[in-house]
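Here the structure comes first, spelled out in structure tokens, and everything after it is commentary.
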Amino acid sequence: MSAPARSPRPSRPRSRRPRWGLRLATGGACLVLAVSGIGHLLVRELDSGIHRVDAFGGLDNRPKSTGGGVNFLVVGTDGREKITPREKALYRLGGAPCRCTDTIMLMHLSGDHRRVSAVSLPRDSYARIPAYTDATGKRHPSHPRKLNAAYAEGGPSLTVRTVEHLTGVHIDHYLEVDFTSFMKTVDVLGGVKICTARPLKDDHTGLDLPAGTHVLNGGQALQYVRSRHVDGTSDLGRIQRQQRFMAAVVHQTTAGGILLNPVRFNRVAGALLGSVRADHGFSAEDMVALGRAMSGVTPESSEFASVPVVLPGVPVKGVGSTLRWNQAKAERLFTTLREDRPLVTHRPKRVRATPVDVDPARIRVHVLNGTNTTGLARRADRALHATGFATTGSPADAATPDVRHTVIAYDPVWDRSVRSLAAALPGARLKPVVGQGAVMQITIGGDYKGVRPVRVEVPKTDTAGFGTVTGDEVVCPEGGATRSL
């Protein structure tokens with residue numbers, strides 16, 4: 001059995017320049033809000049405010065549309081020229097604006113209107129840009145680049161062409177969002193609730209988030225979704241945070257009744273006006289139909305994945321380090337989208353679990369009964385084991401039966417692990433005992449009210465190999481203290 005995790009050593013500062021591009025969650029959250037709502041009047045107001053782009057003009061040799069569901073290409077752009085100097089300084093948004101994107105995502109709404117699948121296409125993916133003719137009439141042959149270079153070279157149309165060429169997925173609609181729409185929308189929502197089992201700090205973006213549950217405003221949320229220097233997980237950790245954010249937005253807009261409240265929806269829609277660009281074919285009627293469909297989407301029926309890649313990156317002359325896709329897994333992923341099937345088998349709805357830093361399976365626990373209630377220690381032992389802790393399976397009575405408060409005795413070297421155990425026993429008091437060893441001892445007291453389910457914060461990936469999680473796996477659990485920063 002593995003020993004509990006020790007406290008991490010301080011990480012070395014990173015010298016790599018931050019990338020300020022809008023991330024995965026920005027496009028996903030705005031898409032969810034932009035296509036959701038009721039009433040032709042409100043939708044027409046939103047439609048009239050969206051800037052139109054020619055995303056499909058001149059495209060040929062396109063993948064066949066299977067008719068199973070609707071596919072959106074969501075592109076996140078910079079747009080920092082619209083942000084005030086105060087916001088630039090507060091949220092570390094310095095630097096010159098660029099005509100660039102480093103968020104490219106496919107979103108699929110199923111044909112039965114019961115499921116949304118979001119697939120991130122890493123910005124550094126190796127791609128061959130298809131041959132095209134630019135605005136001056138110059139012909140460019142097919143050439144290797146990183147995927148995000150398609151937008152810089154040829155805008156929305158070349159981006160659509162390149163993604164369709166790579167994935168074989170027919171794109172029905174194109175949406176482009178920026179910093180401004182993201183921040184305003186989060187603020188109009190009243191903030192978005194995010195929970196984390198460990199402190200998150202990124203000197204590049206200014207993110208400084210203590211462990212716990214928080215309500216983030218627009219600027220703080222932007223820091224959260226674009227931070228990639230929080231720990232050694234880099235882009236993997238960033239994508240997981242983006243998934244949590246998108247799941248939180250889905251939960252907040254559905255459970256909060258925003259989609260069914262014309263006044264609140266109008267405020268959210270208004271925050272997007274002037275900041276979203278879409279293809280000419282995305283009409284008011286399409287918005288009405290999609291709004292009705294999205295009203296039935298829940299965290300349980302939303303799923304998030306990223307294209308499987310082969311690590312480490314592969315350098316390409318004149319291009320830089322690129323990420324090559326795992327072709328076999330990527331083909332299965334896009335075939336699943338084309339065939340309008342779920343990326344992961346949906347499980348029965350479960351009780352939401354509190355995210356913790358250390359896997360409960362690595363935490364050894366011995367339970368003592370400090371009350372007069374017969375069998376209480378055994379029931380607690382079984383409950384802890386059921387949520388994943390490595391209990392001894394041999395509970396016993398404490399020295400006295402009149403313990404008022406539940407106490408967890410632990411060796412201070414396992415301070416990360418004890419926080420995970422304490423999350424399962426809200427209100428328990430912590431008692432450091434130097435030299436106790438790896439096994440933690442719980443003395444059940446009169447205030448014991450049961451065990452709260454917990455899960456390790458890094459979600460387990462699905463067996464299909466796409467790294468897919470559903471929204472209910474990453475959204476914050478109900479209850480618990482929440483704070484605004």
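As a basis for the values below, the full set of heavy atoms in this structure was taken, side chains included, without hydrogen atoms, waters or symmetry mates.
Side-chain atoms of Pro355 and Arg455, non-hydrogen and from C-beta on, do get closer than 4.5 Å to each other. Between Ser227 and Leu200, every side-chain heavy-atom pair lies at or beyond the 4.5 Å cut-off. Between Leu73 and Leu106 the shortest side-chain heavy-atom distance falls below 4.5 Å. Residues Tyr224 and Val192 have side chains not in contact (no heavy-atom distance under 4.5 Å, counting atoms from C-beta outward). In this structure, the side chains of Leu333 and Pro308 come closer than 4.5 Å at one or more pairs of heavy atoms. Side chains of Ser157 and Asp54 form no contact here, defined as non-hydrogen atoms less than 4.5 Å apart. Counting heavy atoms from C-beta on, the side chains of Leu311 and Leu323 come closer than 4.5 Å. Taking the side chain as every heavy atom from C-beta outward, Leu121 and Val119 approach each other to under 4.5 Å.
A pairwise comparison of heavy atoms in Ser117 and Glu303 identifies OG-OE2, 2.5 Å as the closest pair. Nearest approach of Leu166 to Ala127, heavy atoms of both residues: CD1-CB, 3.7 Å. Among all heavy-atom pairs drawn from Ser420 and Val454, the shortest one is O-CG1, 4.5 Å. Taking all atoms of both residues into account, the shortest heavy-atom contact from Ile194 to Ala248 is CD1-CB, 4.2 Å. The two atoms that bring Ile104 and Asn148 nearest to each other are CD1-CA, 4.1 Å, heavy atoms only. Between Ala423 and Val356, the shortest heavy-atom contact is CB-CG1, 3.7 Å.
Judged purely by atom type and a 3.5 angstrom limit, Asn71 uses its side chain to pair as donor or acceptor with the backbone of His170. In terms of modelled atom types and a separation under 3.5 Å, the side chain of Gln223 and the main chain of Thr205 share a donor-acceptor contact. Asp202 places a side-chain N or O within donor-acceptor distance of the main-chain N or O of His229, the cut-off being under 3.5 Å. With hydrogens and angles disregarded, a donor-acceptor distance shorter than 3.5 Å links the side chain of Asp279 to the backbone of Phe282. With Arg416 contributing its side chain and Val358 its backbone, the two residues share no donor-acceptor pair below 3.5 Å. Side chain of Asp340 to main chain of Gly111: a donor-acceptor pair is present (N/O by atom type, distance under 3.5 Å, no hydrogens or angles).
Interatomic distance, CZ of Arg52 versus OH of Tyr174, reported as 13.0 Å (0.5 Å rounding). Annotation: the span from Leu343 atom CG to Arg115 atom CZ amounts to 7.5 Å, rounded to 0.5 Å. In this structure, CG on Leu147 lies 9.5 Å from CG on Asp124, to the nearest 0.5 angstrom. Here His214 contributes atom NE2 and Lys193 contributes atom NZ; the two are 12.0 Å apart, rounded to the nearest 0.5 Å. Interatomic distance, NE2 of His173 versus CG of Leu109, reported as 10.5 Å (0.5 Å rounding). Residue Ile129 holds its CD1 atom at 4.0 Å from OG1 of Thr162, rounded to the nearest 0.5 Å.
Ionic pairing of Glu331 and Arg338 is present here: one or more N-O contacts between side-chain nitrogen and carboxylate oxygen are shorter than 4.0 angstrom.
Counting only residues at least two apart or on different chains, the salt bridge (Lys or Arg N to Asp or Glu O under 4.0 Å) pairs with a member in residues 155-164 are Asp60-Arg161, Arg62-Glu164.
Considering only residues two or more places apart in sequence or on other chains, Thr322 meets the side chain to side chain donor-acceptor pair (under 3.5 Å) condition with none of them. For the side chain to side chain donor-acceptor pair (under 3.5 Å) test, no residue two or more places apart in sequence or in another chain qualifies with Tyr126. Taking the side chain to side chain donor-acceptor pair (under 3.5 Å) definition, one finds that Thr167 meets it with nothing, sequence neighbours left out. Annotation: side chain to side chain donor-acceptor pair (under 3.5 Å) contacts of Arg324 (sequence neighbours excluded): none. The ring-ring contact (aromatic ring centres under 6.0 Å, His included) check on His140 picks up Tyr132, with sequence neighbours excluded.
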